There are 2 protein chains.
Amino acid sequence: MGRLDPSLISGLAVFEGLAAMDLERIVGQARSLRIAKDQPVFEQEQEAHSFFLLLDGHVRVVKSTPDGQEVTVRYISPGELMGIAHALGRATYPANAIAAVDCVALAWPSRLWTAFASDYPSFGASTYKAVGSRLQDAHTRVIEMATEQVEQRVAHALLKLVKQAGRKTDEGILIDFPITRQNIAEMTGTTLFTVSRLLSAWEDLDLVKGGRQKVTVVAPHQLLLIAEGRAQKS
Amino acid sequence: MGRLDPSLISGLAVFEGLAAMDLERIVGQARSLRIAKDQPVFEQEQEAHSFFLLLDGHVRVVKSTPDGQEVTVRYISPGELMGIAHALGRATYPANAIAAVDCVALAWPSRLWTAFASDYPSFGASTYKAVGSRLQDAHTRVIEMATEQVEQRVAHALLKLVKQAGRKTDEGILIDFPITRQNIAEMTGTTLFTVSRLLSAWEDLDLVKGGRQKVTVVAPHQLLLIAEGRAQKS
DNA sequence: TGTGCGATTTGCGCTGGCGCAAATTGGTCG
DNA sequence: CGACCAATTTGCGCCAGCGCAAATCGCACA
């Protein structure tokens with residue numbers, strides 16, 4: 001197992017306010033791992049043996065319903081914690097986490113979480129803050145699902161992806177990992193057909209540019225108008 | 001201001017594992033207050049000066065969208081904390097909290113939150129666990145909104161209310177506070193018309209019994225079948 | 001007991017979005 | 001370079017659920 005370069009991670013929000021020595025002690029107890037594209041990082045109902053810090057790549061968090069439908073809860077970007085079931089008082093993971101691309105992550109035994117949180121208060125505080133903002137996100141999702149039309153929800157989802165994982169290209173802003181219409185549908189509670197139709201329509205208006213397993217947002221501002229329900233119908 | 005009887009609250013989950021003395025110290029710093037029906041406990045965007053423990057009554061937590069629609073996030077029952085924005089790293093309340101009936105609550109200045117959590121670890125732990133379970137709830141809501149039909153969502157909402165605030169009567173289980181069709185609609189992301197139609201239909205089947213600002217569930221098990229999508233269409 | 005208002009019900013028409021199927025496209029791998 | 005397969009597009013039909021309006025009901029208060 002190779003040595004980790006602390007400079008890679010010293011700037012992360014999770015470790016904000018930690019002394020270099022403490023940081024090293026924490027990181028020193030981690031094991032690093034690679035997850036190949038489409039492989040699970042952890043699985044729903046599985047015992048939550050570890051929690052993770054994503055260093056590189058993108059991970060899709062999906063919940064499966066008893067009858068086989070899937071709902072994408074969120075995408076994890078580098079620098080974010082995942083699998084912190086333990087911090088929420090859970091013994092098992094609440095969802096499946098699947099690598100959207102080849103990923104690199106650090107993993108700690110769940111057991112260490114409590115120790116870290118009490119030994120390094122700023123670590124505990126920042127993770128709880130993270131949990132708080134996830135609760136916010138979840139509530140926002142609920143509001144959106146309850147009050148917005150599919151078109152607005154898909155627009156919001158795209159904008160969220162752009163903000164979180166947008167990479168500037170000469171055509172616009174590209175979502176930096178493979179994403180299918182089906183994936184977008186699972187984020188917004190609709191069907192891949194409807195997403196496809198919407199993207200086609202937007203492509204006609206030069207708001208986005210589609211592609212196989214990819215989406216490029218050309219006119220984020222226009223998209224925002226749609227997301228807010230302020231777009232004029234043609 | 002009257003003295004509080006510690007025995008009223010010593011059994012609450014929030015204070016689980018606290019020594020009697022610590023409990024008294026915490027409660028001693030609270031101010032108790034009454035909130036009249038339909039009055040706000042706190043309001044969205046307002047600075048989060050206090051956090052609360054509901055002792056008696058029921059509080060509806062509602063988020064308003066910019067365009068005036070409202071979504072009910074949850075109902076608070078006696079024994080639950082509310083307004084813990086501070087614990088989530090927020091400076092303002094994320095929603096409106098309105099007394100569904102006359103209520104009694106304890107209030108502490110938000111500033112004390114951090115002190116309590118570090119001085120009494122079990123207080124911190126149990127509240128974080130509460131936050132965790134709210135995150136769970138929120139995710140469940142998202143899943144429901146994304147995958148279920150309106151009929152199932154309304155059934156789920158009713159069952160949740162029954163579990164949380166059901167009172168047994170000779171006709172069935174009554175939701176123990178005034179609740180309108182509009183309220184149920186705001187919980188499930190639909191319209192009061194649709195809720196009314198569903199309740200009427202269920203009343204014809206003797207699954208529930210309606211009334212002005214009230215609902216009595218007669219056949220919870222049948223309702224569960226509907227909620228799970230396992231009910232046979234007539 | 002009467003009055004007034006908010007809550008509820010119900011009819012009617014409409015449409016956003018789903019479901020299915022078939023065609024097409026684009027990438028990958030031998 | 002060609003075959004194969006997954007992803008995507010698109011046409012078509014349908015219906016769950018919304019929006020509105022009108023009627024009714026039930027409670028609270030004078």
Side-chain angles (χ1 to χ4, degrees), chain A residues 37-38 60 67-71 100-101 144-155 157-158 174-175 177-205 208-216 226 229 231 233-234, chain B residues 36-38 60 67-71 98 100-102 144-155 157-158 175 177-205 208-216 226 229 231 233-234:
Chain A
K37 181 172 190 289
D38 295 327
R60 184 161 37 100
D67 59 311
Q69 292 185 78
E70 310 219 308
V71 177
V101 295
E144 287 181 7
M145 302 278 298
T147 64
E148 296 178 355
Q149 314 235 113
V150 168
E151 185 175 30
Q152 302 178 56
R153 300 207 301 269
V154 173
L158 277 188
L174 172 73
I175 313 281
F177 50 82
I179 185 163
T180 67
R181 307 291 177 267
Q182 175 67 34
N183 288 330
I184 299 177
E186 285 171 6
M187 297 177 67
T188 51
T190 181
T191 64
L192 81 162
F193 305 107
T194 298
V195 172
S196 177
R197 278 182 255 265
L198 284 172
L199 289 185
S200 296
W202 291 341
E203 188 150 7
D204 290 345
L205 297 172
V208 304
K209 184 128 186 6
R212 188 193 179 80
Q213 298 198 58
K214 88 189 150 86
V215 180
T216 304
I226 293 176
K233 296 273 169 184
S234 63
Chain B
K37 180 170 191 287
D38 294 329
R60 185 160 37 97
D67 59 312
Q69 293 185 78
E70 309 219 308
V71 178
I98 295 173
V101 295
D102 291 344
E144 286 181 8
M145 302 278 298
T147 63
E148 295 179 355
Q149 314 239 109
V150 167
E151 184 175 32
Q152 296 173 260
R153 300 206 302 269
V154 173
L158 277 189
I175 314 279
F177 50 82
I179 186 163
T180 67
R181 308 290 177 267
Q182 175 67 34
N183 289 331
I184 300 177
E186 286 172 5
M187 297 178 67
T188 50
T190 181
T191 65
L192 81 163
F193 306 107
T194 299
V195 172
S196 177
R197 278 182 255 265
L198 283 172
L199 290 186
S200 296
W202 290 342
E203 188 150 7
D204 290 345
L205 297 173
V208 305
K209 185 128 185 8
R212 187 192 178 81
Q213 301 199 62
K214 87 190 151 84
V215 180
T216 304
I226 293 176
K233 296 273 171 187
S234 62

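The sequence lines fix the lettering, A, B, ..., with proteins before strands; numbering per chain opens at 1. Here the structure is a predicted model, which is why all the values come from computation and not from measurement.
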Original post:
What is the minimum heavy-atom distance between B:I179 and B:M187, and which atoms define it?
Top reply: CD1-SD, 4.5 Å
**OP:** For A:Q152 and C:dG16, give me the distance from atom CD to atom P, rounded to whole Å.
**Re:** 13 Å
**OP:** Could you tell me the separation between the NZ atom of A:K37 and the P atom of D:dA6, rounded to a whole number of Å?
**Re:** 13 Å
**OP:** Could you walk me through whether B:D67 and A:T147 pass side-chain contact (heavy atoms from CB on, under 4.5 Å), step by step?
**Re:** CA-CA 10 Å; B:D67 59 312; A:T147 64; 5.9 Å; no
**OP:** Start with the C-alpha gap between B:E144 and B:T188, add the side-chain angles, then the distance that decides, and say whether side-chain contact (heavy atoms from CB on, under 4.5 Å) holds.
**Re:** CA-CA 9 Å; B:E144 286 181 8; B:T188 50; over 6 Å; no
**OP:** Send over the distance from A:Q69 CD to C:dG19 C1', rounded to a whole Å.
**Re:** 13 Å
Original post:
Of the non-hydrogen atoms in A:A155 and A:W202, which two are nearest, and what is the gap between them?
Top reply: N-CH2, 3.7 Å
Original post:
Roughly, in whole Å, what's the span from CD in B:E186 to P in C:dA7?
Top reply: 11 Å
Original post:
Under a 4.5 Å cut-off applied to non-hydrogen side-chain atoms, are A:T180 and A:L192 in contact?
Top reply: no
Original post:
Any idea which of C:dT8, D:dA7, D:dT10 is nearest the A:F193 side chain?
Top reply: D:dT10
Original post:
Of all of residues 198-205 of chain A, which get a heavy atom below 4.0 angstrom from DNA chain D, listed by number?
Top reply: A:S200
Subject >> Pairing residues for B:F193 by the ring-ring contact (aromatic ring centres under 6.0 Å, His included) criterion, not counting sequence neighbours >> reply: none
**OP:** Rounded off to whole Å, could you give me the CZ-to-P distance for the A:R181 and C:dT25 pair?
**Re:** 15 Å
Original post:
Is there side-chain contact between A:R153 and A:M145, with heavy atoms separated by less than 4.5 Å?
Top reply: yes
Subject >> From D:dC20, D:dG17, C:dT8, nucleotide with atom closest to B:Q213 side chain >> reply: C:dT8
Original post:
Taking only side-chain nitrogens and oxygens of A:S196, does any of them come within less than 4.0 Å of OP1 or OP2 of D:dT8?
Top reply: no
**OP:** Decide yes or no for B:E186 and B:V71: does some side-chain heavy atom of the first lie under 4.5 Å from some side-chain heavy atom of the second?
**Re:** no
Subject >> Minimum-distance nucleotide (side-chain atoms of B:T180 versus C:dG17, C:dT8, C:dG19) >> reply: C:dT8
Original post:
What is the distance from CD of A:Q149 to P of C:dG16, rounded to the nearest Å?
Top reply: 7 Å
**OP:** Tell whether A:R197 reaches the base of C:dG19 with its side chain through a donor-acceptor pair below 3.5 angstrom.
**Re:** yes
Original post:
Just by protein heavy atoms under 4.0 Å, how would nucleotides 25-30 of chain D read 5' to 3' in B, S and -?
Top reply: -BS---
**OP:** Before giving the answer on side-chain contact (heavy atoms from CB on, under 4.5 Å), spell out for B:L199 and B:V208 the whole-Å C-alpha distance, their side-chain angles and the decisive distance to 0.1 Å.
**Re:** CA-CA 7 Å; B:L199 290 186; B:V208 305; 4.3 Å; yes
Original post:
More 5' along DNA chain C: B:G211 or A:G189, using each one's nearest nucleotide?
Top reply: B:G211
